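Here the structure is a predicted model, which is why all the values come from computation and not from measurement. The chain is numbered in sequence order, starting from 1.
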Amino acid sequence: MNTKVLCVLLAFIGLLMYQYPHLVGVICGVCLFLYAMSLFDESFKLFTGMEAFLKRMTQTRPGSLVFGIVTTAMVQSSTLVSVLTISFLSAGLMSLASGLAVLYGSNLGSVVAVWLVAALGIKIDIAQYAMPIMVIGLCCLIGQAKAVKGIGYFLFGIGLIFFGIAYIKSGFEALQGTVDISRYALGGVKGLLLYTVLGVVVTIIMQSSAAVLALVIAALSVQQLTYDNAVAIAIGSNVGSTMTAVLGAVGANAEGKKLGAAHLILNCVTAVLELAGIR
C-alpha cells in the first residue's frame, strides 16, 4: 500500500476511534481477522511439495473444483488461491479449464469463515474456544519441521479468527446505545447499488472478503444494518475480492490474462444476477 494512502488510512482510523470509543472493539476484531489471514498464508507456504500436489489434483475438472474449495476453506483467502492459480497456469502446470474450475471452487470455499461467523460467532461465546487452539498452535510453532510449523500457524490463525469474531460482535453490541448506523439505511435500487459499491471498495481496501462479511453479519445481528443493505455489501465484496487477482494477471502470459478476465466476469455476472433477483 502507498505510504501516503497508509498515513491517511491510519489518521482516519485514529479519528474514528477518538470520536467513537466503542468502535475500538470492532476495529481490533477486524485487525485480528486480517492478521489471521496472513498467518494462513504463511501456513500454506510451509507445506512442501505443493506444486506436485497441485499438478496432481488439477488433472481433472472435478479435482480442480474440489481443490479450489478445500484450499480456500483452509487458508481463508480466495485472493491467494486466485493469484497462485494464475501463476501456476502461466507456468504451464495446469490448463485454462482446470484453472477456471479452481476459481469456481475458490468462490465456494470462501464462504466457510462466513458460515463460521453466522452459525457460531453470533450465538455462542466463541472466544472461549480460541485459547486452547492458540496454545496448541504455539506449541507446534516451536517444532523444527516445516509441516509442524505450518500446522502451528494455521491453528494460531484459527484462534485469532475466533477472537476477532468475538471482538467484532461485542463492539457492535456496545455501539447499540451510542451510534445508530441503521439510520444510513437506503431502500430500493439506489440502496442496493450504493451498498454494493461500498462492498467493492471496502473489500479492495481490506483485501479480505471474509473480514468484510464477518463485519456485515455482526452488524446485521444487532440491527445496525438492514437485510437488503447487508446482502448488497456481500455481493459487492465478492466482486472486490477479484481485484488483486486481476492485477496479478496483468503480468501473466496470455492464458493467465484470460483466467483473470474470466474470474472478474464470473463474479460481476453473478453480482448482477443476484442484485436482479433481490427485487
Measure the shortest side-chain to side-chain distance between T270 and L266 over non-hydrogen atoms and say whether it is less than 4.5 angstrom. yes

Do you know which two heavy atoms are closest between G191 and N229, and how far apart they sit? O-ND2, 4.1 Å

Closest non-hydrogen atom pair between G236 and V200, with its separation: O-CG2, 3.2 Å

Shortest non-hydrogen contact from C140 toward I151: SG-CG2, 4.4 Å

Hey, any chance L275 and V272 share a hydrophobic cluster, counting ILVMFWY side chains that come within less than 4.5 Å of each other, even indirectly? no

Roughly how far, to the nearest 0.5 Å, is the CG atom of L103 from the CG atom of L65? 10.5 Å

Using a side-chain heavy atom cutoff under 4.5 Å and only I, L, V, M, F, W and Y, what cluster partners does L273 have? I265, V269

Using a 4.5 Å cut-off on heavy atoms from C-beta on, say whether the side chain of I27 contacts that of I13. yes

Return the OG to OH distance between S64 and Y104, rounded to the nearest 0.5 Å. 12.0 Å

Using the test side chain to side chain contact (heavy atoms under 4.5 Å, CB included), find all partners of C268 that sit at least two apart in sequence or belong to another chain. V239, L264

Specify the closest pair of heavy atoms between N267 and N238, including all atoms of both residues, with the distance to one decimal. ND2-O, 2.8 Å

Honestly curious: do V135 and L155 fall in one hydrophobic cluster under the side-chain, below-4.5 Å linking rule? no

Can you name the closest pair of heavy atoms from A101 and R61 and give their distance? CB-O, 3.6 Å

In Å, rounded to the nearest 0.5 Å, how long is the span from CZ of F67 to OG of S106? 10.0 Å

What's the shortest heavy-atom distance between I133 and G159, and which atoms? CG2-N, 4.0 Å

Would you say T196's side chain and L192's backbone share a donor-acceptor pair under 3.5 angstrom? yes

